[in-house]
Number of protein chains: 2
Amino acid sequence: MYSDFMSTPERLIESTRELLWERGYVGTSPKAIQQHAEAGQGSMYHHFKGKPDLALTAIRRTAEEMRATAEGVLGGPGSPYERIEAYLRRERDVLRGCPIGRLTMDPDIIANDELRAPVDETLDWLRERLAGMVEEGQERGEFAPSLDGEEIAATIVATVQGGYVLARASGSSAAFDTGVRGLLALLRPTR
Amino acid sequence: MYSDFMSTPERLIESTRELLWERGYVGTSPKAIQQHAEAGQGSMYHHFKGKPDLALTAIRRTAEEMRATAEGVLGGPGSPYERIEAYLRRERDVLRGCPIGRLTMDPDIIANDELRAPVDETLDWLRERLAGMVEEGQERGEFAPSLDGEEIAATIVATVQGGYVLARASGSSAAFDTGVRGLLALLRPTR
DNA sequence: GTCTATACTCAGATAGAC
DNA sequence: GTCTATCTGAGTATAGAC
């Protein structure tokens, strides 16, 4: 796959990221990781303590990447509403789902605080980031002062996460976009 | 578990429903189902063709139940806004997630059109039901006429599905409620 | 209808040679 | 660092006796 460019640990981590996104933690076996990484059994257990250790490394990296991607749009130019809109309309691989959010449906992730932590922290960071932007928008008169920033932020993140569910259920990214348009209509400044 | 009251096929179906909710399709083995149902290997393969067959029966029943529960609230008394609010605030086992929505993160469900169909149909029915109610609310002047019923319906369903994600990530149902409050604030009639 | 036997692969590792 | 051997149990069945 990427054998020529990366070290064995790197290939193992990247393969794990791919497979966790595609099949979740429960659905990803050490053997599948090794084959995808073109690494032997011995290599994997030399570099990592086992599946949970490797998964933790992979999840942390994915979480970091997701944060950076979001910040790239949310920290960009424009008014708060415009930046939230840009975030919601951003190009996404909708049918693959959210590589972080999907992990919450994995029983073994939820049962393990260490594995759950990066998932929790990432979604929490996103909510706080958005909450601050909603408040900033209120100061500029872009959003109604009666709204609660944390609540609206949670609604925004939930709409995105739920959008993936609707899209995957229907086999089409259209449902995601429809939900986003509805949210933007509700958020839209009246002037 | 429920050995005394139900036939073996019933126990198998109910056990499968439980386990699919808890661990998903990939995370649920025939052996686990048999043990939960207190049924032997032979029994399971006598009554069902295999894991996919049993899962399909279980998923259809869960889908039917979810529809009935939703209709119980959405078809109740009150204005459209009030019934949508009742639906959103309805008692839920938030930390367990949605027994239908969670299946969309299961690669083997998504890869199998027969297994995906009941999931798709249920979420689709819900969206259409809500879209009609939004339009009814618009006729009564409860919602702004500029809104699109289908879009708002998708936003509502996505907020619920995503609310489960936030709740499970944080290990607390509070995040679900926060997202719902945000959505209700955005939907609230001004008079 | 249910049970036991059998089969073959995979999950998730550990041990030790190279 | 990587490879091969080995291990115990689970995954997903089929076959045939009772």
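In what follows, chains are A, B, ... by sequence order, proteins preceding strands, each numbered from 1. The shown structure was predicted, so the numbers you read here are calculated from the model rather than taken from an experiment.
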Can you confirm whether more than 12 heavy atoms, excluding those of Glu114(B), are under 6.0 Å from its CD atom? no
Tyr45(A) OH to dT4(D) P, straight-line distance once rounded to whole Å: 16 Å
Shared hydrophobic cluster, Tyr164(A) / Ile110(B) (ILVMFWY, side-chain heavy atoms < 4.5 Å): no
Whole-Å distance between dG11(D) P and Met44(B) CE? 11 Å
Tell me: CG of Leu19(B) to P of dT12(D), nearest whole Å? 13 Å
Less than 3.5 Å apart, any donor N or O on the side chain of Thr178(B) or Glu151(A) sitting next to an acceptor on the other? no
For residues Ile33(B) and Tyr25(B): do they belong to one hydrophobic cluster (side chain heavy atoms under 4.5 Å, members Ile, Leu, Val, Met, Phe, Trp, Tyr)? no
Connected via hydrophobic side-chain network under 4.5 Å: Ile13(B) and Leu115(B): no
Check whether Met66(B) and Ile59(B) end up in the same hydrophobic cluster, where Ile, Leu, Val, Met, Phe, Trp and Tyr are linked by side-chain heavy atoms less than 4.5 Å apart. yes
So what does Gly40(B) touch, heavy atoms closer than 4.0 Å: a base, only the sugar-phosphate, or nothing? sugar-phosphate
Roughly how far, to the nearest 0.5 Å, is CG of Leu130(B) from CD of Glu136(B)? 12.0 Å
Quick check on contacts: within residues 50-61 of chain B, what sits under 4.0 Å from DNA chain C by heavy-atom distance? none
Nearest-nucleotide wise, let me know which of Gly42(A) and Lys31(A) is further upstream toward the 5' end of DNA chain C. Lys31(A)
According to a 4.5 Å side-chain heavy-atom criterion applied to Ile, Leu, Val, Met, Phe, Trp and Tyr, with indirect links allowed, do Leu88(A) and Val165(B) form part of one hydrophobic cluster? yes
DNA chain C: 5'-most and 3'-most nucleotides touching chain A, 4.0 angstrom heavy-atom criterion: dC10(C) to dT14(C)
